[in-house]
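Structure record follows, encoded as structure tokens.
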Amino acid sequence: MKITLKDGSVKEYAQPMAVIDIAKDISEGLARMACVAEVNGETVDLRTVISEDSTLSIFTSKDPEGLSALRHTASHVMAQAIKRLWPDTKLAIGPSIADGFYYDVDAAEPLTAEDLPKIEAEMKKIIKEAIPLERFELPRAEAIALMKEKEEPYKVELIEDLPEDAVISFYKQGDFTDLCAGPHLMNTKDVGKAFSIMNLAGAYWRGSEKNKMLTRIYATAFSKKEELEAYITMMEEAKKRDHRKLGKELGLFMMSDFGPGFPFFLPNGMKLRNTLMDYWRAIHAKNDYVEISTPVMLNRSLWETSGHWDHYKENMYTTKIDEEDFAIKPMNCPGSILVYQNEPRSYKDLPLRYAECGLVHRHEKSGQLHGLMRVRCFTQDDAHIFITPEQIEDEITRVAGLINQVYELFGFKYHVELSTRPEDSMGSDEDWERAETGLKNALDNIGLPYVINEGDGAFYGPKIDFHLVDAIGRTWQCGTIQLDFQLPQRFELEYIGADGQKHRPIMIHRVCFGSVERFIGILIEHFAGAFPTWLAPVQVKVLPISEKYEEYAKSVKAALDDAGIRAEIDLRSEKIGYKIREAQTKKIPYMLVVGQKEEAEGTVSVRSRFKGDEGACPLTDFITAVKAEIDARENRPVEVKKEN
């Protein structure tokens, strides 16, 4: 048989071969590093035997597939450790995830943080024992019987819900057996020493609030200790930057038990938000968008026409008015369509760019709510652009340029994904093909690198997603561009073309921030609450040394107010050192200390968050420099001119 490797080279064998043996034939070093393989497009164990001509790629822990297998095996090691320590514990699921792995368990006595070191210690023993993992399959009835014998009701339920023709596989490591599709490493020792249990959380079985609350144990694993240490350092930094903690400390937003998932913006948060939206409106005006506002609640028939009632109803809040069904909008697009339909349109009107910062509501399960990142009501910085088919490429290019401009301002790097047709979708194959091809061509012509994310498009069209990378390396999906042939058809939108005939427009849905609330949460964590001066809720704090200089301090603040600089004054009877430290804690960009000398000379002593003590300068010079910094939306401050 011929085995074609990923570099195009071909190996020939006279008999069936296990993948691990092929790896050894290629290189002993590769065999030692190998985790899993891909045979004819399917990810499999190294123990898999190949008996016919095939394509083969072998993955190490440096590859996503290999690292995922390492973590998945580590989850089995963790489950085995838990069962050794607490034999009556029932196991649910234990997958690998983006940053590690977890296992959901149902313990007779709830596990606590004090139990985690015990689990880690037992995992180390299991790894040291170097237990081989063995895969086997069973018919449905025997599989159910095995899990009933082991008193694992959650596994029984999972098996019973599998399709009749499903392959039911298990992995055995010593005295421990788990229901699992795999793939896995060959041996527990291959998990290595670079793992750590991170925390505990509650998780409903199968994500339903109607089911029992289980304990979810989060952990992570890497191939090298240095990688684990770097990850733990990043997690510690993330805790310091947690927007929920900083939001409270800086007086930006709050949550209330009277409305879980519905954020309240406080005065400082509104200053930040309004500054952000002033910028948003300025760049959209420059790019020929017109702003609209549409109602928060509309009739059921609208949502039936749009497809949301059939495809999205479980996430929508509904009510009755005059015996008719209404829904609070989960998306802004149908409102923009009604505005488009308000008057006849010509090809000369297109592209027609409607921008709307619209408040939308979507039902999220209570266990998934997380500060501003996952809420039940949020503002989308939407735009809906109506175009002719000939305008697709130019308009996608223009929108991508605008989104790039926004992210560059905040110092974000990003990567791009093109998400294609999902299983639950509407429209013809031809329309989806045209839409996906249009987005691909635009990205290729822009020269923007991207990866294909199969099956993750919206139900009405494919999309381009922008994933931001923040200051500590985490990614956030924010901006999106969606090309939609479906809604214009469903609403029978028209424009009169140059030929005098009626034509159907194409619709682009796009956001830059995504959710304004979520973007603010990301900014809080990206800047660790220390916002650039132009964004900071309080840009300058005026600090008189004593009561004698309060009047001068007030005149300084008045001058800052007149210049449009957001300033506060601290008139408390506290020592100046205390006032400075508190202003630093609040992450205020500039502090102006004023006393006898400053009053006599019309100056201010400048302390900044950026450079510490910057010395004295005339108040007018300070205002000029800081105004320039704010107006330019600098992420780094300009130099303040000092007095000689």
Side-chain angles (χ1 to χ4, degrees), residues 237 240-241 246 249-252 268 271-272 275-276 279 408-411 471 523-524 526-644:
E237 181 64 24
K240 295 177 193 173
R241 293 168 178 260
L246 289 171
E249 291 173 358
L250 303 178
L252 301 175
N268 277 351
K271 290 175 186 175
L272 168 62
T275 302
L276 199 61
Y279 164 68
E408 281 190 343
L409 174 67
F410 298 102
L523 288 179
I524 293 170
H526 179 60
F527 291 116
F531 300 108
T533 305
W534 72 275
L535 264 183
V538 179
Q539 295 163 327
V540 179
K541 193 88 164 189
V542 183
L543 308 174
I545 289 174
S546 70
E547 290 181 11
K548 296 179 187 177
Y549 311 108
E550 283 185 7
E551 290 307 311
Y552 180 60
K554 288 176 182 177
S555 71
V556 169
K557 181 181 180 300
L560 295 168
D561 290 342
D562 290 343
I565 297 170
R566 293 189 290 275
E568 289 183 353
I569 187 169
D570 189 340
L571 298 177
R572 294 174 301 165
S573 299
E574 301 284 357
K575 291 184 178 179
I576 191 65
Y578 178 86
K579 292 181 180 181
I580 289 171
R581 284 193 299 275
E582 188 175 81
Q584 288 172 333
T585 300
K586 295 295 184 183
K587 305 182 186 293
I588 293 168
Y590 292 100
M591 292 150 273
L592 300 184
V593 180
V594 295
Q596 182 180 11
K597 184 174 185 292
E598 288 79 15
E599 182 178 38
E601 298 176 358
T603 61
V604 288
S605 287
V606 181
R607 293 187 65 86
S608 78
R609 195 183 65 212
F610 318 103
K611 297 181 180 178
D613 185 359
E614 296 196 28
C617 74
L619 176 59
T620 52
D621 288 358
F622 173 80
I623 288 173
T624 299
V626 173
K627 270 290 287 176
E629 178 189 336
I630 292 168
D631 291 345
R633 299 189 177 95
E634 297 272 355
N635 272 343
R636 295 181 177 274
V638 296
E639 193 74 33
V640 174
K641 182 182 176 183
K642 295 181 182 178
E643 192 180 46
N644 294 328

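All values below were derived from every heavy atom in this structure, side-chain atoms included, with hydrogens, water molecules and symmetry-related copies excluded. Here the structure is a predicted model, which means the values were calculated and not measured. Residues take their numbers from the sequence shown, with the count starting at 1.
Atom CD of Glu550 sits about 12.0 Å away from atom OG of Ser555, to the nearest 0.5 Å. The CG atom of Leu409 sits 7.5 Å away from the CG atom of Leu535 when rounded to the nearest 0.5 Å. Here CD1 of Ile576 is found 9.0 Å from OG of Ser546. Values are rounded to the nearest 0.5 Å. Between Ile580 atom CD1 and Ile588 atom CD1 the span is 12.0 Å, to the nearest 0.5 Å. With rounding to the nearest 0.5 angstrom, the CG atom of Leu272 is 7.0 Å from the CG atom of Leu523. To the nearest 0.5 angstrom, Lys271 atom NZ is 11.0 Å from Leu252 atom CG.
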Intermediate values then yes/no, side-chain contact (heavy atoms from CB on, under 4.5 Å), Leu543 and Leu592: CA-CA 6 Å; Leu543 308 174; Leu592 300 184; over 6 Å; no
Full working for side-chain contact (heavy atoms from CB on, under 4.5 Å) between Phe610 and Thr533: CA-CA 10 Å; Phe610 318 103; Thr533 305; 3.6 Å; yes
Criterion side-chain contact (heavy atoms from CB on, under 4.5 Å) on Cys617 and Val606, from CA distance to verdict: CA-CA 7 Å; Cys617 74; Val606 181; 3.9 Å; yes
side-chain contact (heavy atoms from CB on, under 4.5 Å) between Tyr549 and Gln596, intermediate numbers included: CA-CA 7 Å; Tyr549 311 108; Gln596 182 180 11; 3.3 Å; yes
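Formation of a donor-acceptor pair under 3.5 Å by the Arg609 side chain with backbone atoms of Phe531 is found in this model. No donor-acceptor pair under 3.5 Å is formed between the side chain of Glu582 and the backbone N or O of Lys579. Remark: side-chain polar atoms of Arg607 are not paired, donor with acceptor, to backbone N or O of Val593 under 3.5 angstrom.
Of all heavy-atom pairs spanning Val604 and Glu598, the tightest one is CA-CG, 3.9 Å. Nearest heavy atom pair, residue Thr603 against residue Val594, reads O-CG1, 4.4 Å. Closest approach of Ser573 and Glu547 over heavy atoms only: OG-OE2, 3.5 Å.
Between Val542 and Lys554, the closest side-chain pair of non-hydrogen atoms is not below 4.5 Å. Taking the side chain as every heavy atom from C-beta outward, Tyr552 and Pro544 never approach each other to under 4.5 Å. Looking only at side-chain heavy atoms (C-beta outward), Ile524 and Leu250 stay at 4.5 Å or farther from each other. In this structure the side chain of Leu560 reaches within 4.5 angstrom of the side chain of Phe622, judged on heavy atoms. A 4.5 Å side-chain heavy-atom check between Gln584 and Met591 finds at least one atom pair inside the cut-off. In this structure, Val540 and Pro589 have side chains that are not in contact, with every pair of non-hydrogen atoms separated by 4.5 Å or more.
Ion pair Lys611/Glu614 not flagged as a salt bridge, since none of the NZ, NE, NH1 or NH2 atoms sits closer than 4.0 Å to an Asp/Glu carboxylate oxygen. Under a 4.0 Å N-O distance rule, the pair Glu601/Lys597 qualifies as a salt bridge.
Among Glu629, Arg633, Lys627, Glu634, the one residue that satisfies the side-chain contact (heavy atoms from CB on, under 4.5 Å) test with Asp631 is Lys627.
Counting non-hydrogen atoms of other residues, nucleotides and ligands closer than 6.0 Å to CD of Glu574 gives a total above 12.
Pairs of residues two or more places apart, or lying in two chains, that qualify as salt bridge (charged side-chain N to carboxylate O under 4.0 Å, His left out) and include a residue from residues 562-571 are Lys541-Glu568, Asp570-Arg572.
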